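Below is one structure, written out as structure tokens, with a few remarks after it.
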Amino acid sequence: MAAVAALSVRRLHPRTRIILVTDDSTAHVIDRCSHALRNIVNEIVVQPTGTHDPGVSSRYLRTILRQLIKGDYLYLDSDVVAVRPLDRGWPKRADLAMARDRNRRGITPLALPGIEKLRAKLAWEFRMDRYLNAGVMFVRDTPAVHAFYTEWHRRWNQTLSLGMWQDQFSLNSASTTGIATIAILPNRDNWVTHSAAMLRGRARIFHFFANTHGDEIPDNTLLGHLIGRFQRDGALDEVTIACAARDNFPWMNNVRLKHLLASGLYLRAAGLIAPRIIRRICRKFSRYGHTTNFRGRD
């Protein structure tokens, strides 16, 4: 999955510098298996995390990332596919830039129980008008950002002590402190594929939220298809990515109505729903037609 994400960036920017940050256990596996990632990325930064839990380890790394990398950078989760150029269009004045979680305004329902727990336990503050996603972040190399990451990591350790390994609670709480200025990215820069929100514009980065799928990404998604092709051929299916970018659509087959509507493919949505409506009408008439009598005048 990480290889596909990196190759999707390399396809758009052949000379860009791609850095993989990982824990020592994963780095050992990459070396032992001579994984293709070694030749795809420019550099691998290895940082011990003190745990073998993948979820905890990844959040540990994400909350200290600013201290590991020099210069401005664009951070991408490994479950993304970049489909349009990434070298322009980022906020110039803000210290950080992130999109809304699941492309929705306000706090998402899934996050509310955790937020209420942290309000009660730690008296943390949250903004009710937004909830930010950490999967795509444009990060400046400023003192304010370094201070923000220090606070983010400190708060994440607090949530971890409460049995909450996720890092977006601490991210969103730290965002209320005013330590760093934060710009809100448009949905196109972090297009959450399973979101039912009506999205506008052309996607630049498709985000597939791998943790919602379990151990295997479905092959009816663009990411699942690309992973399958990479495992089989060792190459990126650039033709399919180009089609996904053209159609603004990260799905392969077994498409649901909400996916079509969210991507703005209204004609295809109409074509999908029209047969259903016709079938319902036919069933209704077949059910009641034989009991209806019409009497003419004498």
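Reckoned from all heavy atoms, side chains included, excluding hydrogens, waters and symmetry mates. Computed from a predicted model, the values in this text were never measured in an experiment.
- Within the 4.5 Å cutoff, the side chain of Ile115 has heavy atoms near those of the Tyr131 side chain.
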Self-check item: salt bridge (Lys or Arg N to Asp or Glu O under 4.0 Å) between Asp189 and Arg204, intermediate numbers included
Solution: CA-CA 5 Å; Asp189 291 335; Arg204 180 150 64 159; 2.8 Å; yes
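- Not one N or O on the side chain of Arg229 forms a donor-acceptor pair closer than 3.5 Å with the backbone of Leu236.
- Between Phe148 and His146, the ring centre distance reaches or exceeds 6.0 Å.
- For the atom pair OH (Tyr73) and CD1 (Ile19), the distance works out to 10.0 Å, reported to the nearest 0.5 Å.
- We find the CG-NE2 distance between Asn187 and His207 to be 13.5 Å, quoted to the nearest 0.5 Å.
- In this structure, the side chains of Asp53 and Trp165 stay at 4.5 Å or more apart for every pair of heavy atoms.
- Only one option out of Val192, Leu222, Thr221 pairs with Phe206 in a side-chain contact (heavy atoms from CB on, under 4.5 Å); it is Leu222.
- Connection of Val45 to Met137 is established within a shared hydrophobic cluster, with ILVMFWY side chains joined at heavy-atom distances below 4.5 Å, either directly or through further cluster members.
- Within the 3.5 Å criterion, the main-chain N or O of Arg15 finds no donor-acceptor partner in the side chain of His13.
- We find the OG1-CG distance between Thr63 and Leu65 to be 9.0 Å, quoted to the nearest 0.5 Å.
- Put simply, the side chain of Thr108 does not reach to within 4.5 Å of the side chain of Arg100, judged on heavy atoms.
- Within 6.0 Å of the CZ atom in Arg84, the count of heavy atoms belonging to other residues, nucleotides or ligands exceeds 12.
- No continuous path of hydrophobic side-chain contacts links Ile182 to Phe126 [ILVMFWY only; heavy atoms under 4.5 Å].
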Quiz prompt | Chi angles and distances behind the side-chain contact (heavy atoms from CB on, under 4.5 Å) call for Asp77, Val136 | solution = CA-CA 7 Å; Asp77 271 352; Val136 176; over 6 Å; no
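- Residue Glu125 qualifies as open at atom CD: its count of foreign heavy atoms under 6.0 Å is 12 or below.
- Ring to ring, His153 and Tyr60 are close: their centroids are under 6.0 angstrom apart.
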Quiz item: side-chain contact (heavy atoms from CB on, under 4.5 Å) between His225 and Asp219: does it pass, once the steps are laid out?
Solution: CA-CA 5 Å; His225 167 80; Asp219 58 10; 5.6 Å; no
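- In this structure, Trp191 is a member of the same hydrophobic cluster as Ile217, with clusters built from ILVMFWY side-chain heavy atoms closer than 4.5 Å.
- The residue from Pro54, Ser58, Ser57, Pro48 that alone fulfils the side-chain contact (heavy atoms from CB on, under 4.5 Å) condition with Asp23 is Ser57.
- Leu223 and Val4 get closest at one heavy-atom pair: CD1-CG1, 4.0 Å.
- Here the closest heavy-atom approach between residue Ala245 and residue Arg202 is recorded as O-NH2, 3.0 Å.
- Annotation: the span from Ile64 atom CD1 to Arg59 atom CZ amounts to 14.5 Å, rounded to 0.5 Å.
- For the pair Val83 and Val81, the minimum side-chain heavy-atom distance is below 4.5 Å.
- Atom CZ of Arg11 has more than 12 heavy atoms from other residues, nucleotides or ligands within 6.0 Å.
- Remark: the backbone N or O of Val145 is not paired with any side-chain donor or acceptor of Asp95 at under 3.5 angstrom.
- Ion pairing of Arg62 with Asp167 is present here, as a side-chain N (NZ or NE/NH1/NH2) and a carboxylate O approach within less than 4.0 Å.
- Between Arg10 and Ile18, some side-chain heavy-atom pair lies under the 4.5 Å cut-off.
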Practice problem: Quick one: do His28 and Ile30 satisfy side-chain contact (heavy atoms from CB on, under 4.5 Å)? Show the steps, please. | Solution: CA-CA 5 Å; His28 176 69; Ile30 291 173; over 6 Å; no
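- Of all heavy-atom pairs between Thr177 and Ala174, the closest is OG1-O, 2.6 Å.
- Put simply, the side chain of Asn220 never gets that close to the backbone of Trp251: no donor and acceptor are under 3.5 Å apart.
- For Arg93, the CZ atom sits in a loose shell: 12 or fewer heavy atoms of surrounding residues, nucleotides or ligands are nearer than 6.0 Å.
- A donor-acceptor pair is defined here as one N or O able to donate and one able to accept, closer than 3.5 Å; no such pair exists between the side chain of Thr240 and the backbone of Asp237.
- Interatomic distance, Gln67 CD to Ile69 CD1, rounded to the nearest 0.5 Å: 10.5 Å.
- The two residues Arg140 and Ala94 come nearest to each other via the heavy atoms CG-O, 3.4 Å.
- Remark: Arg155 qualifies as a cation-pi partner of Trp124 under the 6.0 Å distance and 45° angle criteria applied to the six-membered ring.
- In the hydrophobic cluster analysis, where Ile, Leu, Val, Met, Phe, Trp and Tyr join through side-chain heavy atoms closer than 4.5 angstrom, Trp156 is grouped apart from Met164.
- Taking a 6.0 Å sphere around CD of Glu216, one finds it holds 12 or fewer heavy atoms contributed by other residues, nucleotides or ligands.
- Side-chain contact between Leu185 and Asn190: absent, with no pair of heavy atoms (C-beta onward) separated by less than 4.5 Å.
- Two residues are said to be in side-chain contact when any heavy atoms from C-beta on lie closer than 4.5 Å; Ser175 and Leu132 meet this criterion.
- Nearest heavy-atom pair, Arg66 versus Tyr149, reported as atom, atom and distance to 0.1 Å: CB-CG, 3.4 Å.
- With contacts defined as side-chain heavy-atom distances shorter than 4.5 Å, the pair Leu96/Phe138 does not qualify.
- A distance of 4.5 Å separates CD1 in Ile40 from CZ in Phe230, rounded to the nearest 0.5 Å.
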Quiz prompt | Stepwise side-chain contact (heavy atoms from CB on, under 4.5 Å) test for Asp31 and Arg38 | solution = CA-CA 8 Å; Asp31 286 338; Arg38 294 193 307 177; 3.5 Å; yes
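- Looking only at distances, a side-chain donor or acceptor of Asn133 sits under 3.5 Å from a matching main-chain atom of Gly135.
- Under the 4.5 Å side-chain heavy-atom criterion for ILVMFWY residues, a single connected hydrophobic cluster contains both Val56 and Leu171.
- A side-chain donor-acceptor contact under 3.5 Å links Asp79 to the backbone of Ala210.
- Of all heavy-atom pairs between Gly201 and Asn248, the closest is O-ND2, 3.1 Å.
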